[in-house]
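One structure below.
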Amino acid sequence: MAKKVAVLVGTKKGLYILRGDANRQKWEVEGPQWAPAPIHHAMYDPRDGSMYAAVNQTWGGSRIEHSRDMGKTWTTSSNPKFPEGSDRTFSQTWHIEPGHPSTPNVVWAGTEPAALFKSEDRGESWAIVQSLDDQPTRAKWVPGFGGMGLHSIAIDAKDPKRMSVGISVGGVYTTTDGGTTWTQDNKKTGGDSERPDVFYCIHKLLAHPEESGLRFMRVHEEVYWRDPNETTWRHSTAGLPSNFGFAAAMHPRDRRTAYVIPLDGMTRAAAPFGIGVYRTQDKGKSWQKLEKGLPQGAPLETLREGMHNDRLDPMGLYFGTANGDVWASRDEGESWTRIAQYLPYVTSVHAAMVE
Amino acid sequence: MLLHGAFRGFAGGAREVALNAANLGEALEALVHAHPSLAERLRDEHGKLRPHMALFVNEDDARLLGWEDAPLKEGDIVHVIPALSGG
């Protein structure tokens with residue numbers, strides 16, 4: 001059966017699901033679910049069709065919900081828990097990520113305070129990854145503007161024992177042995193900042209879904225590319241109007257192409273240069289603005305989880321804004337249409353390919 | 001015990017729960033026994049009662065009565081209320 005796209009949209013007041021037709025032209029808006037709870041991230045697991053949502057509610061504390069029927073009904077998971085004796089308490093979930101295809105019951109969650117949790121029962125319960133928590137450098141992790149969270153979980157395309165995580169502010173950590181040991185992994189080549197590696201505010205870290213070892217990273221003030229077998233990250237921002245931003249995506253097939261949405265480092269919005277999705281097709285050596293159909297010069301804001309892509313051909317790209325719009329491109333970013341408006345402040349966008 | 005707002009939803013829609021308890025701590029324990037889904041909504045992983053929750057015994061704020069040690073007698077109504085927060 002042909003795939004359709006459902007876009008899970010987390011907002012500051014509940015979860016919305018935008019269900020597209022076969023052409024990705026007409027969209028029906030469902031929701032909100034759990035309003036007024038903020039939804040930091042929601043995702044679809046293509047391995048079994050489950051959906052997960054980080055419901056960071058004030059009342060009753062934050063929790064993770066999962067659905068086995070495409071969002072019709074939801075069940076509350078057992079909370080991620082810091083172990084007895086820990087000086088930390090689970091505050092909220094920043095990101096949920098499906099495990100490697102070879103481990104179908106494994107799902108990962110990144111939390112605040114920054115920690116990695118693993119579920120081995122499809123999100124029913126969660127256990128802390130103690131080896132990462134035991135990193136001596138953890139004492140040097142500090143909160144960024146939005147808090148101190150583990151927000152990026154980059155699963156290698158081929159090797160189930162290899163994954164990287166991104167922490168604000170704590171850097172990148174990579175394991176190649178399934179999480180037994182971790183290595184600080186954000187040594188870079190080029191760029192202006194000369195901070196200690198642990199003091200890099202990682203904004204978004206992505207692993208390519210098909211090519212093992214290929215990664216792309218959006219840091220507070222910089223953008224980096226890393227090919228397989230490279231040991232350092234290559235700085236690459238030529239053509240961007242600013243070095244700052246959060247949202248990032250990788251093309252699922254073209255292994256030289258990625259996307260970012262630059263923001264101004266002070267205003268945290270696309271001012272004065274205007275909202276635009278910037279694309280590189282040469283591994284970050286150069287960037288071009290894609291804005292056909294977008295409001296010209298608009299000082300919009302997009303957050304860390306605010307952009308995502310589907311894996312159809314041509315690829316669809318989606319982003320949400322602080323003013324409650326969701327924009328979509330059916331032609332790999334060349335042109336854009338608004339597919340939802342007047343939603344609450346959009347915190348996350350996730351494109352799911354469904355039957 | 002009378003559940004208000006979000007806590008009613010966390011308990012599957014239950015509005016009130018009749019139980020026997022000598023103090024507020026015992027009442028909360030019995031409430032969780034009756035509705036296990038409330039366990040993680042009332043307390044964090046270290047057993048601490050969550051913020052943004054008000055507990056009243058009849059008309060009185062439980063914080064002024066000894067909090068979890070607040071004594072209860074037959075006929076008392078304990079209110080579990082999402083604290084008014086935000087704006």
Side-chain angles (χ1 to χ4, degrees), chain A residues 11-15 32-39 53-66 73-93 109 111-119 123-130 133 147 344-345, chain B residues 1-17 19 21 24-57 61-63 67-68 70 77-87:
Chain A
T11 78
K12 286 202 171 180
K13 293 185 177 179
L15 173 72
Q33 176 83 16
W34 306 301
I39 311 300
V55 183
N56 292 328
Q57 190 161 17
T58 300
W59 298 322
S62 298
R63 63 189 193 273
I64 294 173
E65 297 269 349
H66 61 269
T73 62
W74 293 82
T75 302
T76 305
S77 305
S78 176
N79 263 17
K81 297 178 182 66
F82 284 89
E84 192 173 342
S86 171
D87 60 341
R88 300 190 293 167
T89 303
F90 167 64
S91 170
Q92 57 182 337
T93 306
T111 66
E112 178 182 350
L116 180 65
F117 285 83
K118 181 181 186 181
S119 172
E124 302 279 346
S125 63
W126 303 87
I128 195 167
V129 176
Q130 193 63 47
D133 220 47
Y345 191 126
Chain B
M1 300 186 85
L2 200 55
L3 302 176
H4 296 259
F7 289 101
R8 202 171 287 178
F10 297 145
R15 178 177 181 275
E16 57 187 69
V17 181
L19 45 85
L24 185 56
E26 286 183 19
L28 292 169
E29 194 174 329
L31 177 64
V32 168
H33 184 74
H35 293 285
S37 58
L38 282 171
E40 293 186 336
R41 306 282 71 84
L42 295 174
R43 297 181 189 274
D44 67 25
E45 65 264 52
H46 303 308
K48 187 177 174 186
L49 283 170
R50 293 191 180 281
H52 304 288
M53 177 175 65
L55 298 169
F56 275 69
V57 179
D61 188 334
R63 287 175 297 185
W67 201 221
E68 293 198 54
I77 296 175
V78 176
H79 299 265
V80 183
I81 307 171
L84 298 176
S85 54

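Note that the structure is predicted; figures quoted are calculated from it, not measured. Keep in mind that the numbers below use all heavy atoms, side chains included, and drop hydrogens, waters and symmetry copies. Lettering of chains follows the sequences in order, A, B, ..., and the numbering in each one begins at 1.
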* Residues of residues 25-37 of chain B with any heavy atom under 4.5 Å of a heavy atom in chain A ->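 So far as heavy atoms go, nothing in residues 25-37 of chain B approaches chain A to under 4.5 Å.
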Relative to chain B, which segment of [X] carries a heavy atom at a distance below 4.5 Å: side chain, backbone, both, or neither?
| X | answer |
| --- | --- |
| S78(A) | both |
| T89(A) | both |
| S91(A) | neither |

* Asked: Which residue pairs satisfy the salt bridge (Lys or Arg N to Asp or Glu O under 4.0 Å) criterion with at least one member in residues 41-57 of chain B, sequence neighbours excluded?
  ->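 Of all non-adjacent pairs touching residues 41-57 of chain B, those that pass salt bridge (Lys or Arg N to Asp or Glu O under 4.0 Å) are R43(B)-E68(B).
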* Asked: Do other residues, nucleotides or ligands put more than 12 heavy atoms under 6.0 Å from K13(A) NZ?
  -> no
* Asked: Which residues satisfy the salt bridge (charged side-chain N to carboxylate O under 4.0 Å, His left out) test with K118(A), sequence neighbours excluded?
  -> E120(A)
* **Backbone N/O of G61(A) and side chain of H52(B): donor-acceptor pair under 3.5 Å** =>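 Checked: no pair found.
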* **Heavy-atom donor-acceptor pair, W59(A) side chain to A83(B) backbone, under 3.5 Å** => yes
Could you give the side-chain donor-acceptor pairs of residues 10-17 of chain B under 3.5 Å, partners two or more places apart or in another chain?
none

* Heavy atoms only: give me the nearest P83(A)-H46(B) pair and the separation to one decimal. =>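 Smallest heavy-atom distance, with atoms named: O-CE1, 3.5 Å.
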